[in-house]
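Numbering starts at 1 and runs along the sequence shown.
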Amino acid sequence: MNYSRKDLVQTDATMNQMRNSIYILASFMEKNGVLDLKEKLRKMGQNIAKTYIRYWKPTNFVDISNLKDVIATIYQKVFNSSTSIEINDVENLIKVQDYRCALCKYHYDNIEIAGCEIILGMVSETISLINKESSNPSSLILEPYEVKESRAFGNKTCVQLYKYKTGRTS
């Protein structure tokens, strides 16, 4: 049976194949001396967002008032994750604690990278793409900051951090 990308976005597909592929790819790249693996995974996430947003968009703009809801919706709808989200408006940081990270289910002893680097890239790019089309002056830009904790490293949850900038930048 052939599915279009639009069909696939509407399904509840398992992340097992993607998760396994990420760690096989990461291991291969590390063994072959590929530099900037973190940036390459984030770029993968950004590229996924550029395709995904053509078929599903959680809102028409994102500002500080709906930021938590939009992030929670993306994590839940795309990754089937359960999250808690904190916004630190002094440091312009967003902390997402992901209790069921689809890309970091297991601890890997031989890998120094978390699969959720892809999530950092995808979520930040999704929000940036939404706001690129928005004329709302209070929209914001989200940037990946760091994976602070990961189940792939043996932590109980994944914790991803984003930086945000308010106001139009273009």
Side-chain angles (χ1 to χ4, degrees), residues 3-19 21-22 38-105 114-152 157-170:
Y3 291 102
S4 69
R5 288 182 178 173
K6 186 174 182 177
D7 294 332
L8 291 173
V9 169
Q10 302 301 319
T11 64
D12 290 328
T14 181
M15 288 282 180
N16 287 340
Q17 302 302 342
M18 185 170 177
R19 179 179 53 246
S21 298
I22 291 165
K38 182 186 303 184
E39 290 305 314
K40 290 195 184 328
L41 291 181
R42 288 180 183 182
K43 188 70 171 164
M44 287 172 84
Q46 291 170 340
N47 289 336
I48 292 167
K50 288 173 186 172
T51 299
Y52 207 94
I53 201 161
R54 290 187 227 155
Y55 307 101
W56 178 80
K57 186 165 61 166
T59 188
N60 290 322
F61 76 95
V62 184
D63 65 10
I64 201 70
S65 70
N66 69 349
L67 181 60
K68 276 185 173 183
D69 289 336
V70 172
I71 291 174
T73 299
I74 294 169
Y75 273 78
Q76 199 284 318
K77 296 285 186 192
V78 177
F79 302 106
N80 196 29
S81 287
S82 173
T83 59
S84 66
I85 300 166
E86 298 173 18
I87 297 176
N88 177 333
D89 49 3
V90 173
E91 297 180 24
N92 288 5
L93 271 178
I94 299 138
K95 175 184 171 184
V96 178
Q97 186 162 8
D98 189 342
Y99 300 99
R100 291 190 326 228
C101 181
L103 302 180
C104 298
K105 189 172 183 178
C116 52
E117 292 288 351
I118 292 173
I119 294 173
L120 272 174
M122 183 182 178
V123 171
S124 59
E125 184 71 8
T126 298
I127 290 173
S128 295
L129 289 169
I130 289 168
N131 283 339
K132 187 176 181 181
E133 296 177 8
S134 170
S135 59
N136 186 329
S138 63
S139 64
L140 52 83
I141 300 297
L142 201 63
E143 297 174 354
Y145 187 63
E146 85 174 300
V147 173
K148 190 162 181 77
E149 296 178 10
S150 173
R151 294 184 341 175
T157 64
C158 289
V159 175
Q160 297 115 16
L161 300 176
Y162 300 89
K163 281 273 200 185
Y164 69 92
K165 298 176 186 173
T166 57
R168 303 290 297 169
T169 59
S170 55

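Between the CG atom in Leu129 and the CZ atom in Arg54 there is a gap of 10.0 Å [rounded to 0.5 Å]. Expressed to the nearest 0.5 Å, how far CD of Gln160 lies from SG of Cys101 amounts to 5.5 Å.
Without hydrogens or angle criteria, Arg151 side chain to Thr157 main chain gives no donor-acceptor distance under 3.5 Å.
With sequence neighbours left out, Arg42 forms a side-chain hydrogen bond (donor to acceptor under 3.5 Å, both in side chains) with Glu117. The side-chain contact (heavy atoms from CB on, under 4.5 Å) search around Lys57 returns Ile53, Asn60, Ile130, Glu133, not counting sequence neighbours.
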Going by atom type alone, with no hydrogens or angles, which donor-acceptor pairs under 3.5 Å involve a side-chain atom of residues 120-127 and a protein atom two or more places apart or on another chain?
residue: Ser124; atom: OG; partner: Leu120; partner atom: O; Å: 2.8
residue: Ser124; atom: OG; partner: Gly121; partner atom: O; Å: 3.2
residue: Thr126; atom: OG1; partner: Met122; partner atom: O; Å: 2.7

Atom pairs and distances, side-chain donor-acceptor, residues 64-74, under 3.5 Å, sequence neighbours left out:
residue: Ser65; atom: OG; partner: Asp63; partner atom: OD1; Å: 2.6
residue: Asn66; atom: OD1; partner: Asp63; partner atom: N; Å: 2.8
residue: Asn66; atom: ND2; partner: Phe61; partner atom: O; Å: 3.0
residue: Lys68; atom: NZ; partner: Ile85; partner atom: O; Å: 3.4
residue: Thr73; atom: OG1; partner: Asp69; partner atom: O; Å: 2.8

Next on the checklist: If you apply the rule side chain to side chain contact (heavy atoms under 4.5 Å, CB included), what do you find for Val96 with Ile94, and how did you get there?
Outcome noted: CA-CA 6 Å; Val96 178; Ile94 299 138; 4.1 Å; yes
Checklist entry - Between Leu93 and Tyr162, does a side chain to side chain contact (heavy atoms under 4.5 Å, CB included) hold up when you go through it step by step? => result CA-CA 6 Å; Leu93 271 178; Tyr162 300 89; over 6 Å; no
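The nearest pair of heavy atoms linking Ala152 to Ala114 is CB-CA, 4.5 Å.
Sorted by first and then second residue, the salt bridge (charged side-chain N to carboxylate O under 4.0 Å, His left out) pairs involving residues 88-103 (not counting sequence neighbours) form an empty list. Residue pairs that meet the salt bridge (charged side-chain N to carboxylate O under 4.0 Å, His left out) test with at least one member in residues 136-149, sequence neighbours left out, are Glu143-Lys165.
More than 12 heavy-atom neighbours from other residues, nucleotides or ligands sit within 6.0 angstrom of NZ on Lys163.
Taking 4.5 Å as the limit, every side-chain heavy atom of Cys158 sits out of range of all side-chain heavy atoms of Tyr99. Side-chain contact between Thr166 and Ser138: absent, with no pair of heavy atoms (C-beta onward) separated by less than 4.5 Å.
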